[in-house]
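Read through the structure below, which is laid out as structure tokens, and then see the notes.
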Amino acid sequence: MKTIVITSQKGGSGKTTLAAHLAVQAECDGGGSAWLVDTDKQATLTRWHERREAETPQRMDVPFSRLADGLGKLEKEGAAFCFIDTAPTISEQSETVLHLADLVLIPVRPSPADLWAVSETVELVKKAGRPFLFVITQAKPQANITAQAIAALSQHGRVAQAFIADRVPYAVAMTGGRTAPEVAAHSPAALEIEALWEEVNECFHEKLKSRKKVAHG
């Protein structure tokens with residue numbers, strides 16, 4: 001099982017939207033069952049899931065103190081992916097979650113405030129020694145600030161080539177317990193999510209390839 005933690009110390013960066021959309025896309029991709037875990041006290045992801053009519057992805061409710069055990073149980077039961085949404089605060093809890101990650105996604109809006117705040121998140125992730133990927137969210141595709149944000153973030157680590165644009169369908173879908181691709185298949189939002197999931201999934205394949213090279217080296 002691959003555990004994907006979505007984290008950012010900046011509120012409103014789009015963590016919950018990212019977790020929900022990628023989990024649904026993972027299921028649609030046919031790579032196995034996807035699960036959600038909500039560790040944010042605001043419980044936005046939980047409310048989204050409770051409104052959802054579809055049976056997948058499933059959500060695991062577990063006390064934070066037993067999160068590691070819960071993930072172990074999911075893996076034994078054959079889960080393929082687990083997406084963990086986190087609170088926008090620096091705490092012992094956030095550090096603990098990062099150590100459980102196989103990959104950390106850091107959503108960042110292309111704004112000066114978000115770029116200034118990202119260094120704290122990167123410091124935590126690097127301290128945990130986990131691979132991470134920046135994801136540009138709520139972007140204006142043709143705006144100079146988007147290109148500037150990508151350039152600035154690339155100084156700290158890898159930036160996903162696929163980004164999430166500022167589109168109304170994301171908010172509309174989340175309100176009803178759905179995702180933008182489910183509301184409008186083949187839409188720009190659907191293509192964005194599909195491309196982003198392919199890129200996230202490829203991170204695991206690259207890691208596997210590097211391990212094989214080391215083993216045969």
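The figures here come from the full heavy-atom set of this structure, side chains too, leaving out hydrogens, waters and symmetry mates. Just so you know, these numbers come straight off a predicted model, no measurement behind them.
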To the closest 0.5 Å, what do you measure between OG1 (Thr46) and CG (Leu36)?
9.0 Å

State yes or no: do Val122 and Val5 share one hydrophobic cluster built from I, L, V, M, F, W and Y residues joined by side-chain heavy-atom distances below 4.5 Å, directly or via other members?
yes

Distance col, row Cys28:SG vs Glu194:CD, nearest 0.5 angstrom, shows 10.0 Å

For Met60 and Leu71, work out which heavy atoms get closest and say how close.
CE-N, 4.1 Å

What is the minimum heavy-atom distance between Ser8 and Lys15, and which atoms define it?
N-CD, 3.4 Å

Residues pairing under salt bridge (charged side-chain N to carboxylate O under 4.0 Å, His left out) where one sits in residues 29-48, two or more places apart or in two chains, turn out to be none

Do any N or O atoms from the side chain of Ser187 and from the backbone of Ala184 form a donor-acceptor pair under 3.5 angstrom?
yes

Should the ring pair Phe83 and Trp197 be called parallel, tilted or perpendicular, given that the plane angle runs from 0 to 90° and is split at 30 and 60?
tilted

Tell me, with the steps shown, if Cys203 and Leu133 meet side chain to side chain contact (heavy atoms under 4.5 Å, CB included).
CA-CA 9 Å; Cys203 289; Leu133 180 69; 4.2 Å; yes

Side-chain contact test, heavy atoms from C-beta onward, threshold under 4.5 Å: evaluate it for Leu103 versus Phe204 and give yes or no.
yes

Do Phe64 and Trp35 belong together in a cluster built from hydrophobic side chains that touch within less than 4.5 Å?
yes

Using the rule that Ile, Leu, Val, Met, Phe, Trp and Tyr join whenever any side-chain heavy atoms are under 4.5 Å apart, tell me whether Ile193 and Val183 fall into a single cluster.
no

Can you tell me if Glu50 has over 12 outside heavy atoms packed within less than 6.0 Å of its CD?
yes

Any Lys/Arg nitrogen of Asp166 or Lys140 sitting under 4.0 Å from an Asp/Glu carboxylate oxygen of the other?
yes

Please check: side-chain N/O of Arg52 versus main-chain N/O of Thr56, any donor-acceptor pairing under 3.5 Å?
yes

Please report the closest heavy-atom contact between Pro110 and Thr137, naming both atoms and the distance.
CD-O, 3.1 Å

Heavy atoms of Ala162 and Glu192 approach each other most closely as CB-O, 4.3 Å

Show the nearest heavy-atom pair for residues Thr39 and Asp85, with the distance to one decimal.
OG1-O, 2.6 Å

For the residue pair Arg158 and Phe132, establish whether any side-chain heavy-atom pair is separated by less than 4.5 Å.
no

Donor-acceptor pair, side chain of Glu198 and main chain of Ala195, under 3.5 angstrom:
no

Heavy-atom check, side chain of Thr16 versus side chain of Met174, under 4.5 Å
yes

Quick check for you: to the nearest 0.5 Å, what is the distance between Phe81 atom CZ and Asp102 atom CG?
10.0 Å

Under the criterion side chain to side chain contact (heavy atoms under 4.5 Å, CB included), I'd like the reasoning laid out for Gln161 against Ile150: C-alpha separation, chi angles, the key distance, then a yes or no.
CA-CA 9 Å; Gln161 294 182 18; Ile150 293 172; over 6 Å; no

Evaluate the side-chain proximity of Gln9 to Val118: yes if any heavy-atom separation is below 4.5 Å, no if none is.
no

Check: Leu45 main-chain N/O paired with His49 side-chain donor or acceptor under 3.5 Å:
no

Straight-line distance of Ile4 CD1 to Leu105 CG, nearest 0.5 Å
6.0 Å

Rounded at 0.5 Å granularity, tell me how far NZ in Lys10 sits from CD1 in Ile106.
15.0 Å

Validation row: Ser111, Asp114 side chains within 4.5 angstrom (heavy atoms)
yes

Given side chain to side chain contact (heavy atoms under 4.5 Å, CB included), test Gln138 with Ile164 step by step and report yes or no.
CA-CA 6 Å; Gln138 301 175 40; Ile164 307 303; over 6 Å; no

Run the salt bridge (Lys or Arg N to Asp or Glu O under 4.0 Å) test on Lys2 and Glu75 for me, step by step, so that the C-alpha distance in whole Å, both residues' side-chain angles and the decisive distance to 0.1 Å come before the verdict.
CA-CA 9 Å; Lys2 303 302 182 184; Glu75 185 165 22; over 6 Å; no

Scanning both residues in full, the closest heavy-atom pair of Leu98 with Arg130 reads O-CG, 3.2 Å

Report whether Val108 and Ile145 are members of the same hydrophobic cluster (ILVMFWY, side-chain heavy atoms less than 4.5 Å apart, transitive linking).
no

Quick one: do Val37 and Arg59 satisfy side chain to side chain contact (heavy atoms under 4.5 Å, CB included)? Show the steps, please.
CA-CA 6 Å; Val37 174; Arg59 190 181 85 249; over 6 Å; no

Euclidean distance, Lys127 NZ relative to His99 NE2, rounded to 0.5 Å:
8.0 Å

